[in-house]
Amino acid sequence: MSAQGVAVLLSWMSCCGSALWRYYTNSPNYHIFSTRTTIKLEYEGTSFSEWSVPATCSVKNKKSPKTELRCSSPGIHIIKPVVTGPDPEEERYLSVDSSHTCFLWYCKVGFFHNLNQVLLTIWIYDPENADPNELLQNANEPSLNSIVLSKQLASLGQSPTIHTFLKRKSYFPHGKVNGTWRISLPLVADDALKEIKGNKVAFQDCFIEDYLFLLTFPFLTIPEIPGFLPVTSPRGSQLIADWNSCFPSGVVLVADMETFQTNDSFRTWTRIRVPPNILTDDERHNVSDVNLYWSGIFFLINGIVYFRNLTAFTRLGNNENLPEGGIIGLSSRKWCWSKYKLKPNIKSHMVIWTREEIYLGYPPLRFVKIITIKKLRKILNMPAAGVLTIQDVKYTGHPLEIALLLNHCITCTTVKRLYIVIYSEVTKEWVLQDFELDVAIDSVVTSRFPYASISEVILWDKHRVYYSYHNFTVTGVLQTPTESGNLSRLAHGSVISTVFTDYYGNIIVKMENNIMFFFKIYTTDAVKLHLWTNNQTKSLFFLNASGKIYLIYVFDDGTIYPQDYPVRLETQSIASKTKEKCPFIIFHHNIMYISYVLDKGHYLSFWAQIVYPENAGLYITVESYGPDILKKESQVLYEIASGYCTKTITVTFYQTVDYEAVKDYFTLQNKNTGLLVVRVRPSEYTKMCPAAQKVFQVAVGCDFSKFIAVKGFDRKSCRWHDFFYIIKKSYLRDRPSKNLRVKYDWKKYGCPLRLNFKEKFHPVLQL
């Protein structure tokens with residue numbers, strides 16, 4: 001964050017709330033935190049006296065609450081402000097490294113008029129000597145320092161290359177202008193994850209860090225229209241938000257004074273308003289849930305769903321096959337999976353529920369009721385006694401499954417029991433899981449399914465967080481060093497606002513007063529993080545386009561401010577105080593992608609390796625969740641040297657199905673087609689381990705985006721017109737009673753081939 005940005009943020013945040021202190025760097029997401037980094041310190045409060053820093057660090061102005069820190073030697077440095085009064089301020093253990101990574105890639109995206117191609121302008125910048133616009137990520141051209149730096153490195157052989165993760169393509173510069181490189185590449189919806197890599201070239205012993213980012217089709221925001229009115233949550237309520245799972249920079253955020261939308265992680269935003277005379281004033285200020293879709297935004301107001309798009313604000317009801325009231329929640333997928341549709345049938349994009357019914361949403365605005373409580377009770381053979389209602393509905397970590405959280409009680413006076421049911425969009429089956437949790441009758445429990453292979457769930461009410469790991473076999477209350485897991489008692493009586501999870505297994509519990517707790521997936525206890533935001537500012541966590549965590553602050557005057565949050569540095573600081581360590585030294589693998597397609601006759605092999613201290617007894621587990629359609633072979637190699645053990649596991653997935661001369665080819669194919677989610681992880685790890693698992697999906701079967709075509713067709717050498725042809729019934733798979741009359745699809749097949757009827761036709765088939 002720039003110095004100007006910090007000053008603006010401080011002026012908004014320092015007016016009230018508890019005393020605290022923070023730190024910033026010019027490097028986005030705290031990518032570079034080394035002996036070369038200028039660390040900006042700031043104290044928020046009225047009791048500041050001076051900064052206490054070790055001898056290996058120097059501070060620009062020891063007596064100023066806002067100053068700069070430099071540490072000349074790597075290691076863990078204890079930093080804290082000295083304050084007047086009886087209560088000392090908390091200290092942080094800042095981990096400063098000696099990395100030779102000093103420079104970063106800057107990427108400016110320019111769209112062509114057809115939006116199918118982009119031109120990337122790339123240059124190199126030094127965050128310690130960059131222009132403010134470069135630090136704020138809104139520069140249109142490089143600064144003078146960046147031009148000189150880029151030219152110098154280019155003369156040494158530096159040049160960027162863009163690599164895509166899913167389709168494994170590479171794009172190279174086609175021009176260089178004034179210290180920048182130009183790269184053109186197509187916009188592809190299913191290959192959005194990209195990385196800029198350079199050559200191994202150093203300048204003054206400094207290298208450039210690779211840059212991971214998402215590049216997708218422009219996510220259009222709804223413009224503000226004069227005369228339209230704000231639509232908000234109730235006064236004093238917490239922030240409500242939703243985001244696109246495969247485009248996390250696109251967010252809709254509902255506050256108690258406005259609704260905001262962004263497509264660039266709140267570097268810019270618009271206010272979403274609604275036409276007058278459609279909602280009453282009370283209705284406009286009573287949004288209870290929101291859902292972001294590519295073509296618009298769904299609002300839940302007084303039990304009714306409304307849809308706002310670029311042109312209209314529409315109440316949804318019977319015409320869309322939705323109830324006219326009683327709706328209590330909306331939800332969409334929270335994890336981005338590609339290639340999970342093995343057949344071109346459309347899966348749902350959102351789920352809507354009442355206390356007794358569930359509806360799935362399909363594009364464009366089509367909804368289908370899939371179950372009622374009465375029918376579900378019969379399917380699951382649940383006892384007729386007692387009251388059974390739907391508490392919460394969420395998409396799980398598996399891209400084709402939905403989980404129901406059910407309330408059940410008999411007398412319904414003090415305690416109710418929670419159950420979880422999983423619904424598969426492929427098999428249409430409902431399965432009651434081996435999960436039960438008793439909570440107070442008035443508890444409102446919310447669920448979140450982390451990024452994992454098998455079913456794991458995090459649940460919370462106002463005061464406690466619950467977990468259920470390893471396919472619901474390990475269940476309990478998240479523990480704390482004191483107060484038996486009651487987070488409210490450790491947060492001065494505040495209640496849980498939200499629980500945030502990311503792709504790396506980090507889980508942050510944020511209280512309404514902005515006190516935060518941290519744990520990691522598969523761990524059963526949490527630690528209290530350093531205070532970062534005062535208790536008067538409303539905030540919420542999000543992921544940016546690089547998958548890093550940032551905070552959004554919403555102020556009473558309707559202003560929004562984004563701020564990177566250093567989760568790694570903050571947890572390392574806590575670990576230095578608690579002495580908690582990771583049980584292994586390193587865990588790595590060669591699994592490069594999140595999605596694999598395993599076609600007939602193919603196999604998938606990978607390896608994973610763990611290094612740990614001798615006698616720790618660790619190993620690597622490989623678990624899969626989904627249909628039993630693959631065979632697995634594994635081999636483990638073991639080495640020990642200098643007091644450290646190394647275990648390497650090699651795993652191969654494959655099929656042995658023989659499709660030759662079978663009577664019912666398609667039935668056999670369907671039985672051996674499906675989607676598996678695989679997880680590779682160490683047998684043990686703690687909150688302080690880095691990303692300690694790899695989750696990926698294996699789609700077994702034909703990729704529906706591939707097809708067989710006859711060579712020679714084009715789409716330009718003919719005039720399109722209505723053209724029909726007949727397929728005889730004897731050639732059709734389902735043996736219908738009539739021939740099939742088909743309208744020729746010019747867009748799909750192109751112009752018909754022109755052939756001389758005297759010559760034999762020898763078609764060439766292409767995959």
Side-chain angles (χ1 to χ4, degrees), residues 109 111 113-116 118 187-192 214-225 228-231 240-254 258-266 268-275 278-279 284 287-301 304-323 327 329-338 340-341 344-353 359-368 393 395 399 402 425 542 545 747:
V109 180
F111 292 95
H113 67 279
N114 61 6
L115 298 181
N116 291 322
V118 293
L187 273 180
V188 183
D190 60 351
D191 201 18
L214 284 172
L215 184 62
T216 64
F217 290 92
F219 195 104
L220 299 178
T221 58
I222 299 173
E224 298 182 30
I225 300 177
F228 278 25
L229 303 174
V231 56
I240 307 169
D242 192 46
W243 59 94
N244 185 283
S245 61
C246 291
F247 184 55
S249 297
V251 180
V252 59
L253 175 66
V254 182
E258 290 280 0
T259 293
F260 307 91
Q261 187 184 12
T262 181
N263 60 7
D264 57 9
S265 297
F266 288 102
T268 62
W269 70 85
T270 60
R271 292 176 175 85
I272 304 301
R273 297 190 167 188
V274 298
I278 294 181
L279 300 174
R284 281 195 302 107
V287 176
S288 58
D289 208 348
V290 68
N291 190 269
L292 180 64
Y293 188 50
W294 283 102
S295 59
I297 301 169
F298 294 91
F299 291 96
L300 179 58
I301 301 173
I304 299 170
V305 176
Y306 295 82
F307 184 65
R308 175 77 165 93
N309 60 13
L310 291 171
T311 59
F313 181 67
T314 308
R315 172 175 171 155
L316 306 183
N318 292 335
N319 291 338
E320 292 78 21
N321 196 35
L322 284 176
I327 296 173
L330 319 172
S331 186
S332 58
R333 288 180 177 85
K334 290 296 175 280
W335 305 114
C336 182
W337 292 106
S338 64
Y340 63 84
K341 301 173 184 177
N345 54 330
I346 299 174
K347 300 304 177 186
S348 64
H349 65 82
M350 70 179 299
V351 58
I352 296 175
W353 68 96
Y359 299 80
L360 294 184
Y362 302 87
L365 282 177
R366 183 172 65 90
F367 297 91
V368 176
V393 183
Y395 288 90
I402 299 169
E425 290 197 74
F542 294 100
K747 184 177 180 180

Side chains of Ser348 and Tyr395: do they bring a donor and an acceptor to under 3.5 Å?
yes
Side chains of Ser332 and Asn291: any donor to acceptor distance under 3.5 Å?
yes
Please enumerate all residues that pass side-chain contact (heavy atoms from CB on, under 4.5 Å) together with Asn321, with sequence neighbours excluded.
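Result, side-chain contact (heavy atoms from CB on, under 4.5 Å) vs Asn321: none returned.
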Side chain to side chain contact (heavy atoms under 4.5 Å, CB included) between Phe266 and Leu253, intermediate numbers included
CA-CA 10 Å; Phe266 288 102; Leu253 175 66; 3.9 Å; yes
Identify the two heavy atoms, one from [X] and one from [Y], that lie closest to each other, and give their separation to 0.1 Å.
{"X": "Thr311", "Y": "Arg308", "answer": "N-NH1, 4.5 Å"}
{"X": "Ala545", "Y": "Pro248", "answer": "CA-CG, 4.5 Å"}
{"X": "Asn244", "Y": "Cys246", "answer": "OD1-N, 3.0 Å"}
{"X": "Pro363", "Y": "Tyr293", "answer": "CB-OH, 3.1 Å"}
{"X": "Phe307", "Y": "Leu365", "answer": "CD2-CD1, 4.0 Å"}

Can you tell me how far apart [atom1] ([X]) and [atom2] ([Y]) are? Round to the nearest 0.5 Å.
{"X": "Leu229", "Y": "Arg284", "atom1": "CG", "atom2": "CZ", "answer": "4.5 Å"}
{"X": "Leu310", "Y": "Leu220", "atom1": "CG", "atom2": "CG", "answer": "6.0 Å"}
{"X": "Glu258", "Y": "Glu224", "atom1": "CD", "atom2": "CD", "answer": "7.5 Å"}
{"X": "Asp264", "Y": "Ser249", "atom1": "CG", "atom2": "OG", "answer": "7.0 Å"}
{"X": "Gln261", "Y": "Asp242", "atom1": "CD", "atom2": "CG", "answer": "11.0 Å"}
{"X": "Ser288", "Y": "Leu300", "atom1": "OG", "atom2": "CG", "answer": "3.5 Å"}

Check the pair Leu187 / Leu215 against side chain to side chain contact (heavy atoms under 4.5 Å, CB included), numbers first and verdict last.
CA-CA 7 Å; Leu187 273 180; Leu215 184 62; 3.9 Å; yes
For the pair Arg333 (side chain) and Pro399 (backbone), establish whether a donor and an acceptor sit closer than 3.5 Å, ignoring hydrogens and angles.
yes
Whether Thr262 side chain and Val251 backbone form a donor-acceptor pair below 3.5 Å:
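Not at all, since once roles are kept as given, no pair shorter than 3.5 Å links the two residues.
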Compare all side-chain heavy atoms of Lys334 with those of Ser245 and state whether any distance is below 4.5 angstrom.
no
Side-chain contact test, heavy atoms from C-beta onward, threshold under 4.5 Å: evaluate it for Asn309 versus Ser295 and give yes or no.
no
Worked verdict on Phe367 versus Val305 for side chain to side chain contact (heavy atoms under 4.5 Å, CB included)
CA-CA 12 Å; Phe367 297 91; Val305 176; 5.8 Å; no
List the residues meeting ring pair (Phe, Tyr, Trp, His ring centres under 6.0 Å) with Trp335, not counting sequence neighbours, and say none if there are none.
Tyr451, Tyr503
Out of the candidates Val287, Ile272, Asp289, only one should pair with Val254 under the side chain to side chain contact (heavy atoms under 4.5 Å, CB included) rule; please name it.
Val287
Passes side chain to side chain contact (heavy atoms under 4.5 Å, CB included), Phe298 versus Met350? Steps please.
CA-CA 10 Å; Phe298 294 91; Met350 70 179 299; 3.6 Å; yes
Enumerate the salt bridge (charged side-chain N to carboxylate O under 4.0 Å, His left out) contacts for residues 309-321, please, sequence neighbours excluded, ordered by first and then second residue.
Arg315-Glu324
